[in-house]
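Heads up: numbering here begins at 1 and tracks the sequence.
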Amino acid sequence: MSEGRYDAPPLPPALILAVVGLLCGFATIAFVWLSERSCDRFRDTTNCGALGLPLLVLIVVVTMVLGGLALSRLAMPHPRLVPFLGVAFMVALVVAFLTGHLDSPWIVAVVPALTAMTFLLANLVARLLERADA
């Protein structure tokens, strides 16, 4: 075993992808919550103003990097592409369908579950792209 890399546990790859996606979804929710609390503390409003978009871009990038690190440590195929696509698909779906409901308490469960599903979809897309390249 090489230094800094773990062998994949004896679990199905789909389960590993779903769990990492779930964790990335929870991380996204936590980062958004922390950014709102920070803006509330420093600006006395949860609206971050001009910093809102850069904060969201940073949250998305950090979530993609964390997902990529987790998948590469677990020796999963396409450890950078799957989190990139998975998080991007999740953000697109949230913006398209859930924007008006982001302050609901059930969003804490919906976003991680959605991210787990988008990671599975991203893995399917990555495998299809790999086959198309061959």
Side-chain angles (χ1 to χ4, degrees):
M1 179 166 83
S2 66
E3 189 70 27
R5 186 175 170 139
Y6 302 106
D7 288 332
L11 297 172
L15 179 62
I16 294 171
L17 288 166
V19 169
V20 171
L22 195 70
L23 293 174
C24 285
F26 280 121
T28 302
I29 293 289
F31 290 143
V32 168
W33 183 83
L34 286 172
S35 69
E36 285 179 351
R37 298 294 90 51
S38 298
C39 290
D40 190 29
R41 180 175 172 100
F42 295 112
R43 299 189 65 206
D44 292 326
T45 179
T46 56
N47 183 349
C48 294
L51 291 176
L53 183 60
L55 273 174
L56 285 176
V57 170
L58 179 65
I59 289 168
V60 167
V61 169
V62 167
T63 304
M64 288 175 180
V65 169
L66 290 175
L69 286 172
L71 292 179
S72 66
R73 293 281 180 149
L74 293 168
M76 293 295 294
H78 314 291
R80 290 182 197 95
L81 181 61
V82 169
F84 175 79
L85 292 175
V87 173
F89 291 162
M90 178 272 295
V91 168
L93 290 171
V94 166
V95 168
F97 299 109
L98 300 175
T99 301
H101 306 286
L102 293 177
D103 56 352
S104 298
W106 53 266
I107 206 76
V108 174
V110 170
V111 169
L114 181 64
T115 309
M117 289 186 276
T118 58
F119 265 56
L120 293 170
L121 176 64
N123 184 56
L124 176 66
V125 169
R127 288 190 327 205
L128 290 172
L129 288 172
E130 183 179 50
R131 270 193 231 146
D133 259 356

**Verify same cluster id: Val94, Phe97 (apolar side-chain graph, 4.5 Å)** = yes
**Item:** Smallest separation among heavy atoms of Ala126 and Leu81, with atom names
**Value:** CB-CD2, 3.7 Å
**Request:** Calculate, to the nearest 0.5 Å, the distance between atoms CE and CD1 belonging to Met64 and Ile59 respectively.
**Result:** 12.5 Å
**Rounded distance [0.5 Å steps], CG in Leu53 versus CG in Leu58** = 11.0 Å
**Complete:** Heavy-atom nearest pair, Leu22 first then Ala113, reads CD1-N, 4.0 Å
**Prompt:** Any idea which heavy atoms bring Leu71 and Pro83 closest together, and the distance?
**Reply:** CD1-CD, 3.7 Å
**Prompt:** How many angstroms lie between CG in Leu114 and CZ in Phe89, if you round to the nearest 0.5 Å?
**Reply:** 11.5 Å
**Complete:** Here the pair of heavy atoms bringing Ser35 nearest to Cys48 is O-SG, 3.9 Å
**Prompt:** Taking atom CG of Leu124 and atom OG1 of Thr118, what is their separation to the nearest 0.5 Å?
**Reply:** 12.5 Å
**Complete:** Looking only at heavy atoms, the pair that brings Gly86 and Ala122 closest together is N-CB, 3.5 Å
**Item:** Trace of the side chain to side chain contact (heavy atoms under 4.5 Å, CB included) decision for Val91 with Val60
**Value:** CA-CA 8 Å; Val91 168; Val60 167; 3.8 Å; yes
**Request:** Consider only side-chain heavy atoms of I, L, V, M, F, W and Y, link residues closer than 4.5 Å, and tell whether Met90 and Leu66 are in one cluster.
**Result:** no
**Request:** Measure the CG-CG distance between Leu121 and Leu85 for me, rounded to the nearest 0.5 Å.
**Result:** 8.5 Å
**Prompt:** So how far is it from Thr45 OG1 to Asp40 CG, rounded to the nearest 0.5 Å?
**Reply:** 7.0 Å
**Request:** Evaluate the criterion side chain to side chain contact (heavy atoms under 4.5 Å, CB included) for residue pair Ile16 and Met76; output intermediate values, then yes/no.
**Result:** CA-CA 9 Å; Ile16 294 171; Met76 293 295 294; 3.9 Å; yes
**Message:** With clusters defined by side-chain heavy atoms of hydrophobic residues (ILVMFWY) lying less than 4.5 Å apart, directly or transitively, does Val87 cluster with Val65?
**Reply:** no
**Request:** Following the transitive rule for hydrophobic clusters with a side-chain heavy-atom cut-off under 4.5 Å over Ile, Leu, Val, Met, Phe, Trp and Tyr, establish whether Leu34 and Leu55 coincide in one cluster.
**Result:** no
**Item:** Test item: Val32 and Leu102 side chains (from C-beta on) under 4.5 Å apart, heavy atoms
**Value:** no
**Prompt:** Can you tell me if Arg43 uses its side chain to pair, donor with acceptor, with the backbone of Asn47 under 3.5 Å?
**Reply:** yes
**Item:** Closest approach of Cys24 to Phe119 (non-hydrogen atoms, all atoms of both residues)
**Value:** SG-CZ, 3.8 Å
**Request:** Give a yes or no on whether Ile107 and Val95 share a hydrophobic cluster (residues Ile, Leu, Val, Met, Phe, Trp, Tyr; joining criterion: side-chain heavy atoms under 4.5 Å apart).
**Result:** yes
